[in-house]
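Report on one structure; see the data block that follows.
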Amino acid sequence: MHNQHDDLAEEVETGRCAICGKTFPETELRATRAIRPGIFDLMHKDYPAITHSDHVCRHDLARYRRNYLEDLLEEERGEISELDREVIE
């Protein structure tokens, strides 16, 4: 018996994260061209092959955003306190 639900099921578009290499639904990925230049530069330093046509998962983007904020605070103050780290998290 043919199920009409099968005809209505949509295939979820997926893509690969340029940082961790895992596959995610496209809704869970961010285009690197839409990422702030300072954050992209940090990613590029760790992953030289990353380009502006790649995508990054939410988890890795969040990690690099934290790193970027830590770097900004450290640059501004000279060091980061434990409280600063907690606020960033």
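Atom CG of L61 sits about 9.5 Å away from atom CZ of R58, to the nearest 0.5 Å. The line from CZ of R36 to CZ of R65 is 9.0 Å long, rounded to the nearest 0.5 Å.
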Scan the side chains in residues 14-24 for donor-acceptor partners under 3.5 Å anywhere in the protein, sequence neighbours excluded, and list what turns up.
none

Throw together a table of side-chain donor-acceptor distances under 3.5 angstrom for residues 43-50, partners on residues two or more places apart or in other chains.
| from | atom 1 | to | atom 2 | distance (Å) |
| --- | --- | --- | --- | --- |
| H44 | NE2 | P48 | O | 3.0 |
| D46 | OD2 | Y64 | OH | 2.6 |

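Taking the side-chain hydrogen bond (donor to acceptor under 3.5 Å, both in side chains) definition, one finds that T51 meets it with S53, D54, sequence neighbours left out.
The shortest side-chain heavy-atom distance between R63 and D60 falls under the 4.5 Å cut-off. Counting heavy atoms from C-beta outward, T27 and V12 have side chains that stay 4.5 Å or more apart.
A side-chain contact (heavy atoms from CB on, under 4.5 Å) with Y68 holds for exactly one of L42, D41, I35; it is L42.
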